[in-house]
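Along the sequence shown, the residues carry numbers beginning at 1. This structure is a prediction, so every number in the text was calculated from the model and none was measured.
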Amino acid sequence: MVLANLLLPSSMTFWIGFTESLFFFLFVAFMAFADDRRVWISWVAAIVLPLTRPVGVFVVIIPAVWWLLGHRRGFASVCILCFLAGWSIYFGTMWYHLGHPLAGWAAQRFHVNAPSLGYLKDLPKFLGSLFHVTSFHDPTGSLLDRLAFIGSFWGVVRLWSIRPSWCVTTGAMLLIPAMTNQFLSFSRFTIVAIPLLLPIGQLLMHLRLRWLCLWICLSLATQYHLIHRFFTFGWGT
């Protein structure tokens, strides 16, 4: 799993001051302390996850499944409330500082891909953007982002046999950004979909050495390319 994490194309964002590192820490803290006596750490992580990255709100699916299955319903209920509290803090902050709770989303229309929740209902647009490849990596037609989406779909299917709640959570964390952003920076979303590391890690364990070495070389070359573009003011994220 550690190797899988290091080989994901956008893992370079872990050390250049982006929010992925904090999100990774909070996700692991939420899961690790869920069965610990210090459950308050899980609750704090649940509040901060949606504030760190918007897809953090989809982690609420995990305690929601716990609640539906009758597993520690009291603890799961507090977790759900904490996720909703974090989401509410975000909207409240937007409202207080910018005059409207959805001001952050409204500003997205000025982005290069003009992300919109309305794209969730437009399947032809989603399919069109999936096959719209213009270069190895750019904001609108990145081959890398689309390959990451196909690989992530495989991982989500494999997660169903490992833990269904993680499968649903990961699917939401990946599919909704892919559709609303038209694959903009999709490879970055794969590194915050932490459960994906399980099926990828299993795959790496069963690869022949020559194929594993090839995977490592291709991944390092890709990351070098992205880092070079980032520090030369190109599109590297």
Return the CG to NZ distance between L127 and K125, rounded to the nearest 0.5 Å.
12.0 Å
Is there a continuous path of hydrophobic side-chain contacts, each under 4.5 Å between heavy atoms, that joins F25 to V28?
yes
Hydrophobic clusters here meaning ILVMFWY residues chained together by side-chain heavy-atom distances under 4.5 Å, can you tell me if Y119 and L102 are in one?
no
Sorted by first residue and then second, give each salt bridge (Lys or Arg N to Asp or Glu O under 4.0 Å) pair with at least one member in residues 4-18; sequence neighbours left out.
none
Applying side chain to side chain contact (heavy atoms under 4.5 Å, CB included) to F110 and not counting sequence neighbours gives none
For Q223 versus L6, what's the shortest heavy-atom pair and its separation?
NE2-O, 2.7 Å
State which residues pass salt bridge (charged side-chain N to carboxylate O under 4.0 Å, His left out) with D122; sequence neighbours excluded, sorted by chain then number.
none
Which heavy-atom pair separates D36 from A32 by the least distance, and what is that distance?
CB-O, 4.2 Å
What side-chain donor-acceptor pairs closer than 3.5 Å can you find for residues 58-65, not counting sequence neighbours?
none

Pairwise distance CZ(F18) to CZ(R53) - rounded to 0.5 angstrom:
9.0 Å
Under 4.5 Å between side-chain heavy atoms, counting indirect links through other Ile/Leu/Val/Met/Phe/Trp/Tyr residues: same cluster for L130 and V112 or not?
no
Tabulate below the donor-acceptor pairs under 3.5 Å that side-chain atoms of residues 39-51 make, not counting sequence neighbours, or state none.
residue, atom, partner, partner atom, Å
S42, OG, F30, O, 2.7
S42, OG, F33, O, 3.4
S42, OG, A34, N, 3.0

Please determine whether side chain to side chain contact (heavy atoms under 4.5 Å, CB included) holds for the pair H137 and T222, giving the CA-CA distance in whole Å, both sets of side-chain angles, and the decisive distance to 0.1 Å.
CA-CA 10 Å; H137 191 58; T222 299; over 6 Å; no
Rounded at 0.5 Å granularity, tell me how far CH2 in W154 sits from CG in L159.
9.0 Å
Could you tell me the separation between the CG atom of L7 and the CG atom of L220, rounded to the nearest 0.5 Å?
6.5 Å
Run the numbers on L198 and M1 for side chain to side chain contact (heavy atoms under 4.5 Å, CB included), then give the verdict.
CA-CA 6 Å; L198 286 170; M1 288 177 62; 3.5 Å; yes
Residue pairs meeting side-chain hydrogen bond (donor to acceptor under 3.5 Å, both in side chains), one or both in residues 75-90, sequence neighbours left out, come to W67-S77
Partner set under side chain to side chain contact (heavy atoms under 4.5 Å, CB included) for I227, not counting sequence neighbours
M12, W15, F231
Taking distance alone, no hydrogens or angles, what donor-acceptor pairs closer than 3.5 Å link side-chain atoms of residues 210-217 to residues at least two apart or in another chain?
none

Not counting sequence neighbours, which residues clear ring pair (Phe, Tyr, Trp, His ring centres under 6.0 Å) with F153? List them please.
none
Just verifying a value: how many Å separate F136 CZ and L147 CG, rounded to the nearest 0.5 Å?
8.0 Å
Rounded to the nearest 0.5 Å, what separates atom OG in S142 from atom CZ in F149?
13.5 Å
Is there a continuous path of hydrophobic side-chain contacts, each under 4.5 Å between heavy atoms, that joins W66 to I162?
yes
Identify the two heavy atoms, one from R73 and one from G70, that lie closest to each other, and give their separation to 0.1 Å.
NE-CA, 3.6 Å
For residues 170-197, which side-chain donor-acceptor pairs fall under 3.5 Å, sequence neighbours excluded?
residue, atom, partner, partner atom, Å
T170, OG1, W166, O, 2.7
T180, OG1, I176, O, 2.8
Q182, NE2, N113, O, 3.1
S185, OG, T237, O, 3.4
S187, OG, S10, OG, 2.9
S187, OG, D145, OD1, 3.1
R188, NE, E20, OE2, 2.9
R188, NH2, E20, OE1, 3.4
R188, NH2, E20, OE2, 2.7
T190, OG1, S187, O, 2.5

Any link between W235 and Y224 through a network of hydrophobic side chains (Ile, Leu, Val, Met, Phe, Trp, Tyr) touching at under 4.5 Å?
no
Scanning both residues in full, the closest heavy-atom pair of V133 with R146 reads CG2-CD, 3.6 Å
Would you say NE2 of H228 has more than 12 non-hydrogen atoms from neighbouring residues, nucleotides or ligands within 6.0 angstrom?
no
Considering residues at least two apart in sequence or located in another chain, which fulfil the side chain to side chain contact (heavy atoms under 4.5 Å, CB included) criterion with L68?
none
Considering residues at least two apart in sequence or located in another chain, which fulfil the side chain to side chain contact (heavy atoms under 4.5 Å, CB included) criterion with P101?
F91, W95
